[in-house]
Amino acid sequence: MRIISGLSSRQRLLAGAVVVGGLVLIVAAAALLVTSGRSDAASEQPLAFNHEIHAQKGIQCQFCHYGVTKSPSAVIPSVELCMGCHQNIRTDSEIIQELAGYWERQEPIPWKRVYEQPSYVYFNHRSHIASGVTCGACHGDVASMTVAHQVVEHNMGFCLDCHAEQENKEALYDCAVCHR
Amino acid sequence: MTQITRRNFLKVSAAGTATAILTGCGGERWVELVPYVVAPEEQLAGVPTYFASTCRQCPAGCGILVKIMNGRAVKIEGNPEHPVNRGRLCARGQAGLQLLYNPDRVPGAVEQSERGSRRYTPIAWNEAINRLYEGLNEAGSRVAIWLGTTTSGHLVDLFTLFADAIGAQPPVRYDLYAGYNGYNVLETASEGLLGTAALPAYDLANADVIFSFGADYLGTWLNATGYGVGFGQFRAQPYGKRGVFVQFEPRMSNSGASADRWVPVRPGDEALVAQALVRLIADEGVGPAERVEAARAAAADVDLEAAAASCHLTVAELAALARTFAEAQRPVALPGAALAGRDNALAAVAAVQTLNLIAGTIGQPGGLLPAQALGDAGLRPAVTSSYGDAQALVARMQAGEIDVLLVHGANPVYEMPPESGIVEALANVQTVVSFNPLVDETAVYADLILPDRVYLEGWGYEVVTPALGGLPVVSSQQPVVGPLHDVRATGDVLLTVARGLAGAAQALPWEDEVAFLRERITALPVGAFGGEGPDLQWARFQQFGGWWPAQAPQAELPDVEVGGVAPVAAPQYQGDEGEFPYHLHLFMNPLLGDGRGASMPWLQGSPDPMTTISWQTWVELNPVTADELGIQTGDVVRVTSPFGTVEAPAYVYPAIRPDTIALPLGQGHTDSGRYARDRGANPVRLLGGEPGDNGANLMWSNVRVKIERTGEQKSLARFETTVEEAADAHPPI
Amino acid sequence: MLETRTENAPFWEPTVPEDEVLAQQAAHHRDEYLLLDPRPPAEINALMLAAMRRTGPVFWLLVVGLGGMVAALFTTWVIQMFYGIGITGLNRSVMWGPYIVNLVYFIGIGHAGTFISAALRLMRYDFRRPIARAAETVTLFGLAMAALFPLIHVGRIWKIYYMFPIPNQRELWPNFRSALLWDATAITTYMIGSTLFMFVALIPDLAMIRDRTTGLRRKIYGAFALGWRGTEGEWHRLEVVSNILGFVIIPVMFSVHTIVSWDFAMAIQPGWHSTIFGPFFIIGALFSGVAAVILVMVIVRKGMRLGYFLRDEHFSAMGIFLMILAMAWVYFYFAEWITNWYGNLPMEVALQEMLTGPLAPFFYLMLFGNIIVPLGTLWSRRVRTSLPAMFVIALFVQIGMYIERVLIIPGMLSRNELPFNWVNYTPRWPELLITAGTFSFLAFLYIIWTRVVPIIPVWEVYEGQALQGRRRVGRAILPTRSDPH
Amino acid sequence: MAEHKWTMIVDLDKCTGCQACVVACHAENNVPIASETEVVRGRGLHWIRIERYWEGEFPNVKAKFLPVFCQQCGSAPCEPVCPTYASYHSEQENLNIQVYNRCVGTRYCGNNCPYKVRYFNYRAPEFDAPLEQQLNPDVTVRGAGVMEKCTFCIQRIRRAAETANAEGRPIADGEVQPACVQACPSDALIFGDKYDPESRVARMTPHNRQFKLLEHLGTEPAVYYLKGGETHVGD
């Protein structure tokens, strides 16, 4: 009270402005925190799959994620597909033996999602690939990652920023493009 | 496509990917990805694949396409190629998924050590099959088989072969669809008229006048979807003018609501009205000469005044209707379910068919179509048993003549009137085996439940003939998803058991049911989709949803002529008019059907078309009657017949005769899963146990009842407005 | 502090009447007009402080009872958040129910405070002085309660920030075409404005308490008193600020309830889509608000023994005001209904026919409470000055006005263009509990508030008394006042 | 700028009230089923409903069926009132979109819809396991507190558009059919793009029997109703 009454009217105004401004900032920050969806998918994958090695061997993304040109989902490859190569390649490695274990047990590998969208977002890989969007535009340079991890935040602003640059911006700004 | 074997198909559909399907707006969930071990070819996450099959929610046999996404069946759609339903599908057909994914399915073979205890112990399939085998082995020929009208055609054939091989009587194929609609009566009538015992089919699409005598053909009668397609074309003016539809029935049915003229005929007088129409055509000489001539030959001596009065019409108005029929290009008359539910059923159905004879359209577009030959495959439409046959089986069970009863696709404890003594009869059978996927009322009295695959998981065929356009059709049924539970196809169980039984082993030599199916199907001539050689033919059969010829074969019409005057005896009513002043009218709505729909929430929760009530049983009565009795909508009333009593809330229904009380079938289950259990009342309890018309049918439409208030109230779950003043408001159309 | 202003004006010394008639006149004026019945400032301060300190068993009983209801309110709300709006009786046609009724009702009673305080202040009606703060408090807490209801009403409170204009990664803003957003803006503005208006007027009184307390209380009151010393300059600035705020807040007040009415009038729901709704809602709001202030005045006078401040003249004036508002309300209601009736459009006639149904008793109770009771009684001065009578009348108006909103919101919604979808609405326990809880919450805050700040603006009373006097004109003694402005 | 004008024609002369569309819609759009108590409370929930009106008195009583679903208004009353843009007009498809995840549940749109085709999720939908497996992965399952309505099966429209786009061709007439249209046995529902002059809906309109529901409100619905035919039999 002493402090307040000791201030000049201009200082009081300033103090008031600071307090109000601070409150607004806190609310806004809290809101931003609450609204931004972010995957914290554990990097602990069941198998330490190394994207970098595979990419360096010249394997295209679409070889494993073959759904990317045909379906909304890029597809996580089946165990069969892995085994297609690894029946012969590096069979002595520990990881490959682990992989072979899944195959022998005919058990799916419980991969953890790296990029995830909420269920009310309908993303279509096929459309994006058909429009010439590269994998890296959304997933970063996976080819240089040993273990894939999320480098791009997939929030609505990210999608819209890109859609806004397209020729048919009007069409791509429609809510129904992603939400239904 | 050529190499689809069952084994390799099941491998395809056994694995699935998990996807987030929980509430999208409730909060986000991060999920684990479970990819395939072996990715099925042509299956991509998020891209649907379709499998053709046959709907088994009612006997009609519509072709369906099941949409599979991520290994799950997510939608059933009509098969556009299929001649029965032309790509359309009714409410019950859509709800098939809820039979597949019903939470109350029996997950594997179970035994019930004490009947009626509802305590089931899982047993291994080998043991279950052994027990079935032992039971059958001991019973010898003292075995009875009770099938439903939705039991797949191949199972009916297998069971028939089996019964024949062990010396038992042929299976009884009876359920409420058959009993209520009087399938056996219609088949018998067709046999008399066309020479083949098969359900009649009417070409509504090409008709220009429909006179329906209580046939709810747009709701549940015979083939509602197919007739719905036909009705759409009938309305679309195929001959330059819109078709005219007149419905004669005591209570406005779902079909009656679409009629241009709804005539509230007194229950029991439908045949009289049909005869009066014939008489009027003859007397007035309206229409083409040959029709008048035929009418004169068939016209019985009818009290026209009485016939008109029982329709709330004048004789002149009735005569005008007769003119409408006689002057039409392609008129058709349909004998509805109520006609077949009386003591004079056969004569009454014949009286209506006489109108078709007079119209001269039998075998013609817009008329009654005869069944078609299917080649030498040994395939013929499955014939239904009469209620009398079912009742006779009950009597044999009661007399202790049956040691083993096998029940598939039927639910006699629910569907037979208690007066028939079915429950007591079951007690006299040593072993009762149910193959039904849910614990229904009958399974409660079973010792063993060996759940069959539901139709979306299993193989089969269904002979449907004739379908729209007069095509003979064998519809295919194939697994669209891997079995959800540890269930075995009844066909396989039967073939396994038969292997050890003397006599049966030779009669049923197939390794499994697929081998049997292949043998039957590949014997068919080349159909609309081609396919040279058995492999291709079998593949096409699965791929396109069945077999049918590219064009309707030229049918050999039996020589049909009006055989003179056929007298129809006046109906005898059950119950004294003084004590039971009202007629009872039962109806099926297009959702619950004969009661099977009750276990599916989509069907339970969708409104009845006429009253918009869901989840409940109600009693319909005319506003005048309601006023006289001081009953209001929502008052619980007690309906009593000479045979039983039912309590349900009243619904004041403006389109029912004041002397008639109507109740919907389908509710009142004590079992059959959580959605059906303890809900509403089963009006079958109001019926007597004795068959009518020389054992032909279930007499449900000549029962008299009385009605009284219980003093209780129950809110009706209706979707329509509950505000009284709304009736006075200006409707938007 | 205040004493400095009054020490050279010992006008409270009673004048000696020249004869008995004059004596009676003088006595009458003293009884009637607070401002002519001055007491020493110290005595008045003591009176006020004593009333604030008086917390008997009844007070604590009320605090506990009302507090319990408040707890019930929040518990029900949490239950509703958990299970969804489904626990209420709302249905597929009546999607707005008592929550919106309460919103409108509480905003409505929030109008009188400002009107009485600001408008009468600007028009220099002196009788407002002792009742101004009681009325403003009704506004403040009424608005606070109203502000709860949009939150209680929405289906997903946890996503409510979608309605706020805050920067976000979605690149999406709220939809400013929606009347709901105008509404939120108007209510927020009004709430800030009326809080400021009230706080400014509180400062001298807070300083008065600061100077008469010790310890922590002194510190707290001191902080809020913002270092008020009572100098001429401060008084002058107080006057100016109050007048500016008064001028600003009156149009805001009119806009608020107009915009609230637009929530309905902008919709094409039959019975809502009416041009008259703006003024009609304002009159309704003032009507219920004034009645609410009367209720509060009766309770405060009885409960806190403030008979010295709240006199018959105040009740009489408020009674006349209430009567005028009742007339205005009838006028609007009649105008609205006769237009619908004469137009004879099917849906609007259907709405009128609704009133022969289950809502009919409520409709007639509303007419009784809003028309018969106030217009039939308030013409009598004896009624206007009788506390129990005023309490009952004000209560009837409250009930009547609440019913009016019930008829407008769930009532109208139960009828719509397609008669197939007419569904009547019956409340279930959550609405009832939340409504009762909110009324209790308001009462709870109010009684606490009366013990925290002087519910009578003591300085305004001094000021009034200081400006009043009596002058003898011929044989009559007339009250006079000097105007410092 | 709009590419499509999705239009529905409802032939009342053919509608038999059979409820096939209702159940098809439940299956396609993951529409929850209201329990008995919920229906009693007036909270039946069907994106397409068949209203039944009675006309006349016994014995000359007639029932009329009127299928009502979102009319996809060109000037929709539900759109401007939503404070969060959850109810929103897609200029591209000429449809009213309900963005479920944006909905906070003020229910203003529901009040303002004269057709009463917006349904509120008063409770969280429940699917007893394994019934959740029937859910259509193309459609969001709406939680409690969210408004929902008929979308003309936007997921099917989008899927067809994405396929057509990737194949570099326009959407063919009949390629997109909402679930109700697909199921309707009597062909009472006809769907298509009115901007495509060759489409069935474009060829059928204007029709001598056509009217729009509550046209006087100026909502510009995208649904045409064809009056039920009246013929006087036997007169």
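Sequence lines set the chain letters: A, B, ... in the order given, protein chains first and strands last, and positions in each chain run from 1.
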Quick one: pull up CD in D/Gln133 and CG in B/Leu100 and give me the separation to the nearest 0.5 Å. 8.0 Å
Any side-chain heavy atom of B/Pro609 sitting closer than 4.5 Å to one from D/Cys18? no
Output yes when D/Arg156 and B/Glu77 qualify as a salt bridge under the 4.0 Å nitrogen-oxygen rule, no when they do not. yes
Region of B/Ser715 that comes under 4.5 Å of a non-hydrogen atom in chain D: both
Side chain / backbone / both / neither for D/Tyr53 at chain B, heavy atoms under 4.5 Å: side chain
Under the side-chain contact (heavy atoms from CB on, under 4.5 Å) criterion, do B/Val229 and D/Ser186 qualify, and how do the steps go? CA-CA 4 Å; B/Val229 176; D/Ser186 56; over 6 Å; no
Heavy-atom distance under 4.5 Å to chain B: side chain of D/Gln19, backbone, both or neither? both
B/Ala655 versus chain D, the contacting section by heavy-atom distance below 4.5 Å: both
What part of B/Leu603 is in contact with chain D, defined as an atom under 4.5 angstrom from a non-hydrogen atom: side chain, backbone, both or neither? side chain
Is chain B contacted by the side chain of D/Leu45, its backbone, both, or neither, given a heavy-atom distance below 4.5 Å? backbone
B/Ser614 vs D/Ile33 side-chain heavy atoms within contact, under 4.5 Å: no
Please tell me if the side chains of D/Leu66 and B/Pro732 come closer than 4.5 Å, counting only heavy atoms from C-beta onward. yes
Under 4.5 Å from a heavy atom of chain B, the part of D/Ala34 involved: backbone
Heavy-atom distances under 4.5 Å only: say whether D/Leu131 touches chain B with side chain, backbone, both or neither. both
Cationic N near anionic O, under 4.0 Å, B/Arg235 to D/Asp11: no
Please work out which of the three classes, parallel, tilted or perpendicular, describes the rings of B/Phe719 and D/Tyr119, given edges at 30° and 60°. parallel
Interface moiety of D/Arg159 toward chain B, non-hydrogen atoms closer than 4.5 Å: side chain
For D/Ala188, which atoms come within 4.5 Å of any heavy atom of chain B: side chain, backbone, both, or neither? neither
Output, in order, the C-alpha distance, side-chain angles, deciding distance and verdict of side-chain contact (heavy atoms from CB on, under 4.5 Å) for B/Arg679 and D/Glu36. CA-CA 10 Å; B/Arg679 197 168 272 296; D/Glu36 182 180 344; 2.6 Å; yes
From B/Arg86, B/Gln233, B/Arg88, residue fulfilling side chain to side chain contact (heavy atoms under 4.5 Å, CB included) relative to D/Asp187: B/Arg88
Checking heavy atoms, do the side chain of B/Asp104, its backbone, both or neither come under 4.5 Å from chain D? neither
Heavy-atom contact with chain D under 4.5 Å, split by part of B/Tyr675: side chain
Dump the intermediate steps for side-chain contact (heavy atoms from CB on, under 4.5 Å) on D/Val61 and B/Tyr653, then the final yes or no. CA-CA 11 Å; D/Val61 60; B/Tyr653 188 76; over 6 Å; no
Using a 6.0 Å cut-off, check whether atom CD of D/Glu57 has over 12 heavy atoms from anything other than its own residue. no
Interface moiety of B/Gln604 toward chain D, non-hydrogen atoms closer than 4.5 Å: neither
Segment of B/Ala259 engaging chain D (4.5 angstrom heavy-atom cut-off): backbone
Tell me, for B/Arg105 versus chain D, whether the close heavy atoms (under 4.5 Å) come from the side chain, the backbone, both or neither. neither
Checking heavy atoms, do the side chain of B/Ile656, its backbone, both or neither come under 4.5 Å from chain D? backbone
D/Tyr225 portion near chain B, given a 4.5 angstrom heavy-atom threshold: neither
Residue part contacting chain D, namely of B/Leu218, when any heavy atom lies under 4.5 Å: both
What part of D/Cys21 lies closer than 4.5 angstrom to a heavy atom of chain B: side chain, backbone, both or neither? neither
Given a strict heavy-atom distance threshold of 4.5 Å, which part of B/Pro607 is in contact with chain D: side chain, backbone, both, or neither? both
Quick one, D/Gln134 and B/Gln98 - any side-chain contact, counting heavy atoms below 4.5 Å? yes
Ignoring hydrogens and geometry, is there a side-chain-to-backbone donor-acceptor pair from D/Asn136 to B/Lys75 under 3.5 Å? no
Select one option (side chain, backbone, both, neither) describing which atoms of B/Tyr217 are under 4.5 Å from chain D's heavy atoms. neither
Bottom line for B/Pro601: the part with an atom under 4.5 Å from chain D's heavy atoms is both
